[in-house]
Engineer: 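Right, I'll just put the structure down here and ask away after.
Only a predicted model underlies this, so the values are computations on that prediction, with no experimental measurement involved.
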Amino acid sequence: MKAFRALRTAARKFGDKTASAQREPAAASTYRSRWQMSLRDWLLHHQRNVVFERCRWMGVPAFKNPLDAWILQEIVHEVRPGAIVEIGSAAGGSTLYLAHLLDLLGRGRVISVDLDRARFQARHPRIVEVTGDSGAPETRARVAALCEERPVMVVHDGDHRREPLLADLESYAPLVSVGSYLIVEDGVIDLFEAGDGIGTRDQGPLFAIEEFLGRHPEFVVDEDRERYLVTYNPRGYLKRVS
């Protein structure tokens with residue numbers, strides 16, 4: 001907090017008009033404009049200019065907020081999962097990231113569930129690909145058979161519409177071990193408007209989360225996982241407590 005206040009004070013000083021009318025250094029002007037961004041503006045900037053073009057893990061596109069990726073490694077270290085089910089893998093950057101975290105622990109596998117592998121680039125001995133509709137009974141059965149090593153955590157980054165997402169939560173939540181997590185990504189889309197680059201016209205993850213929690217008291221929102229404020233997953237870190 002002290003460091004933040006010092007930076008804010010410095011930014012204000014850079015903007016002061018002095019008697020000598022000194023010109024503000026270009027670098028100072030750039031940093032001052034960044035410090036003055038609202039949380040909303042930062043999220044929009046990241047979504048529009050960074051996440052789909054420049055976010056990568058070991059060269060593979062990873063459509064993640066880096067602070068959420070940091071939280072993921074904290075959870076993986078604490079839970080030490082035998083299996084991580086990732087629903088929705090896209091190009092596979094986050095899949096590879098999770099596999100490398102498991103390498104550091106020396107155990108576990110990542111079960112990547114996706115309908116389409118056209119963009120998928122990740123290759124690693126700990127990654128098991130399950131290609132199919134996450135909502136199909138045969139896909140669910142295949143994933144469950146691969147989760148024999150406990151504990152199990154689930155990361156949902158698939159269909160973000162309320163009804164399909166809720167169906168997935170109901171299907172895959174029983175796999176989650178007590179003390180582990182069901183992580184629902186991209187609830188931030190429900191906090192923005194359609195057309196601004198993040199929001200949609202559909203009810204999305206936040207609506208599904210609230211309905212799911214109303215039925216499942218064995219899961220609670222771990223608000224501490226949002227302590228860095230800039231998250232794509234508001235109310236999305238669901239810890240199984242019973």
Engineer: Do you know which two heavy atoms are closest between S94 and A62, and how far apart they sit?
Structural biologist: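 It is N-CB, 3.8 Å.
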Engineer: Quick one: list whatever passes side-chain contact (heavy atoms from CB on, under 4.5 Å) with S134, sequence neighbours left out.
Structural biologist: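 I87, V113, D168, Y172.
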Engineer: Among R117, E129, H124, find the one that has a side chain to side chain donor-acceptor pair (under 3.5 Å) with S112.
Structural biologist: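 By the side chain to side chain donor-acceptor pair (under 3.5 Å) criterion, S112 pairs with just one of R117, E129, H124: R117.
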Engineer: Could you report the tightest heavy-atom contact between A122 and G92, atom names first, then the distance?
Structural biologist: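 A122 and G92 have their closest heavy atoms at CB-O, 3.4 Å.
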Engineer: Do E86 and T95 get their side chains close enough for a donor-acceptor pair, meaning under 3.5 Å?
Structural biologist: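 Short answer, yes.
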Engineer: Can you find a heavy atom in the side chain of Y181 that is under 4.5 Å from one in the side chain of I84?
Structural biologist: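 The answer is no; the side chains never approach within 4.5 Å.
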Engineer: With the threshold set at 4.0 Å, does a side-chain nitrogen-carboxylate oxygen contact exist between E211 and R215?
Structural biologist: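 Salt bridge: yes.
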Engineer: We want to know whether R140 and S171 form a side-chain donor-acceptor pair, criterion being a heavy-atom distance below 3.5 angstrom.
Structural biologist: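 Distance-only check fails for R140 and S171.
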Engineer: Run the numbers on L238 and V221 for side chain to side chain contact (heavy atoms under 4.5 Å, CB included), then give the verdict.
Structural biologist: CA-CA 5 Å; L238 308 182; V221 176; 3.8 Å; yes
Engineer: Quick check: do L115 and D133 have side-chain heavy atoms less than 4.5 Å from each other?
Structural biologist: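 Counting from C-beta outward, L115 and D133 do come under 4.5 Å.
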Engineer: State, with a plain yes or no, whether a side-chain heavy atom of F192 is found less than 4.5 Å away from one of L44.
Structural biologist: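 Yes, their side chains come closer than 4.5 Å.
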Engineer: So does E223 have more than 12 non-hydrogen atoms from other groups sitting under 6.0 Å from CD?
Structural biologist: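 No, the 6.0 Å shell around CD holds no more than 12 heavy atoms from other groups.
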Engineer: Excluding sequence neighbours, so at least two apart, what forms salt bridge (Lys or Arg N to Asp or Glu O under 4.0 Å) with D116?
Structural biologist: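 D116 satisfies salt bridge (Lys or Arg N to Asp or Glu O under 4.0 Å) with no other residue.
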Engineer: Given side chains that start at C-beta, do those of H160 and D202 come closer than 4.5 Å, heavy atoms only?
Structural biologist: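 Side-chain contact under 4.5 Å: no.
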Engineer: Please tell me if the side chains of L104 and V76 come closer than 4.5 Å, counting only heavy atoms from C-beta onward.
Structural biologist: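 Side-chain contact under 4.5 Å: no.
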Engineer: How long is the span from the CG atom in L169 to the NE2 atom in H156, to the nearest 0.5 Å?
Structural biologist: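 Nearest 0.5 Å value for the CG-NE2 distance: 6.0 Å.
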Engineer: How many angstroms lie between CZ in F212 and CG in L182, if you round to the nearest 0.5 Å?
Structural biologist: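 Result: 5.5 Å between the selected atoms.
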Engineer: Are E210 and R162 within salt-bridge range, i.e. N to O under 4.0 Å?
Structural biologist: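 Not counted as a salt bridge, because no side-chain N and carboxylate O are separated by less than 4.0 Å.
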Engineer: Taking all non-hydrogen atoms of both residues, which atom of L105 and which atom of P81 are closest, and how far apart?
Structural biologist: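 Scanning both residues, the minimum pair turns out to be CD1-CD, 4.4 Å.
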Engineer: Salt bridge or not between K239 and E78? Use side-chain N to carboxylate O under 4.0 Å.
Structural biologist: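 Between E78 and K239 there is no salt bridge, as every charged N stays at least 4.0 Å from the carboxylate O atoms.
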Engineer: Give, for atom CG of L72 and atom NZ of K64, the distance between the pair rounded to the nearest 0.5 Å.
Structural biologist: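 Interatomic distance, L72 CG to K64 NZ, rounded to 0.5 Å: 7.0 Å.
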Engineer: Looking only at non-hydrogen atoms, find the nearest pair between I183 and I75 and report the distance.
Structural biologist: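 The answer is CD1-CD1, 3.9 Å.
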Engineer: Do Y232 and L43 come within less than 4.5 Å of each other through their side chains, counting heavy atoms only?
Structural biologist: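 In contact.
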Engineer: More than 12 foreign heavy atoms under 6.0 Å from CE of M58: is that the case here?
Structural biologist: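 Incorrect, the count does not exceed 12.
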Engineer: So, for Y228 and W70, which heavy atoms are closest and what is the spacing to 0.1 Å?
Structural biologist: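 Of all heavy-atom pairs spanning Y228 and W70, the closest is OH-NE1, 3.7 Å.
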Engineer: I want to check something: taking the side chain as every heavy atom from C-beta on, are I189 and P205 in contact at a cut-off of under 4.5 Å?
Structural biologist: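 I189 vs P205: side chains touch.
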Engineer: Taking C-beta and beyond as the side chain, do I71 and T231 meet within less than 4.5 Å on heavy atoms?
Structural biologist: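 No, too far: nothing below the 4.5 Å cut-off.
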Engineer: Using the test salt bridge (Lys or Arg N to Asp or Glu O under 4.0 Å), find all partners of E149 that sit at least two apart in sequence or belong to another chain.
Structural biologist: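 So E149 forms a salt bridge (Lys or Arg N to Asp or Glu O under 4.0 Å) with R107.
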